[in-house]
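Atoms within each ligand, like the ligands themselves, are counted from 1 in listed order.
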Amino acid sequence: MGARKPLIAGNWKMFGRAADLAEIGVLAETIGAAAGRIDILICPPAAYVQSSAWQNRSGPILIGAQDCSPNGADAARTGEVSAAMLADAGAKYVIVGHSERRQIHKETDDLVRQKAEAALSAGLIPIVCVGETQDERTAGKVADVVGRQVRSSVPSQSGAFVVAYEPVWAIGGNSTPTLAEIAEVHALIRETLAGQFGGQANDTRILYGGSVNPKNAGEIFTVAGVDGALVGRASLKAADFSAIILGHPAAV
Ligand code: PGA
């Protein structure tokens, strides 16, 4: 098994305007040599993918998108953006199946898998999000829910993809699972992937997401099986996001 290169990704959601894209340039200057040892990704809103990819074309920050169409080919799908277009625009990754899309936009595991497969076909690396709600955790269904989401949402063809474990109840708040709970779910995800992909599962990066901030990131990164983070609010400001990145053991 090759060592998995850590990935720390920022999900800007529907925040950040054109003027805020300068934060990415500031981030690039602050993280220094860490960028060689950790993949650093910012996923701005779709409207800014092309301009931010252009501004950062000489590195070190990678640019990604937050969603893509399940349609691989050009098609009459008003409002949709295909993975091929995002790749043309300079994106390298795309988040699919974020809980906000699963909940607000009623996306199913099947749709998320189609999006992940469209991303892979276009040469993008999909970051497939999974995670249980508070009710599901209270009912003791974490393994059932996350196991099902992984089995049904990751692409069926082999190829590079990333899984992000984002407990829905930890997103946008102040609470995170305990380190032991994070370790437990990451192990479950890798075991599930091994059932589908055998030894290749060891190459898949599994990120933790949900209320990661400069204070808690360092200890989360020490948890076995955590290959990086998917960060919402704390990725919007270069000062916060660089503090998270520089807190990774691989950064120094
Ligand atoms: P948060 O969001 O870091 O603001 O909790 C994480 C996410 O939704 O990816």
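- Considering every non-hydrogen atom in both Thr204 and Val162, the closest pair reads CG2-CA, 4.5 Å.
- Side-chain contact annotation: Trp169 with Glu136, donor-acceptor N/O pair under 3.5 Å absent.
- Remark: the Gln149 side chain and the Tyr165 side chain contain no N/O donor-acceptor pair separated by less than 3.5 Å.
- Considering only heavy atoms from C-beta on, Met14 stays 4.5 Å or farther from Pro45 through its side chain.
- For ligand 1 and Ser211, the ligand atoms under 4.0 Å from any heavy atom of the residue are 1 (P), 3 (O), 5 (O).
- Between the side chains of Glu166 and Ser99, no donor N or O sits under 3.5 Å from an acceptor N or O.
- For Ile171, heavy-atom contacts with ligand 1 shorter than 4.0 Å involve the backbone as well as the side chain.
- At a threshold of 4.5 Å between non-hydrogen side-chain atoms, the residues Arg17 and Tyr48 count as touching.
- Among all non-hydrogen protein atoms, the one lying nearest atom 6 (C) of ligand 1 is Gly232 N, 3.5 Å.
- Set against the non-hydrogen atoms of Lys13, the atoms of ligand 1 under 4.0 Å away are 2 (O), 7 (C), 8 (O).
- Atoms of ligand 1 found under 4.0 Å from any heavy atom of His98, numbered from 1 in the order shown, are 7 (C), 8 (O), 9 (O).
- Between Arg57 and Ser52, the side chains place no donor N or O within less than 3.5 Å of an acceptor N or O (distance only, hydrogens not considered).
- Ligand 1 has a nitrogen or oxygen under 3.5 angstrom from a nitrogen or oxygen of Glu166.
- The Arg233 neighbourhood of ligand 1 comprises atoms 1 (P), 3 (O), 4 (O), 5 (O), with distances under 4.0 Å to a heavy atom of that residue.
- Under the 4.0 angstrom criterion for non-hydrogen atoms, Ala234 is not in contact with ligand 1.
- Those atoms of ligand 1 that come under 4.0 Å of a heavy atom in Asn11, given as number and element, are 9 (O).
- The shortest N or O to N or O distance between Val231 and ligand 1 is not under 3.5 Å.
- Using a 4.0 Å cut-off between a side-chain N of Lys or Arg and a carboxylate O of Asp or Glu, Asp227 and Arg190 qualify as a salt bridge.
- Contact annotation: Gly172 has at least one heavy atom less than 4.0 Å from an atom of ligand 1.
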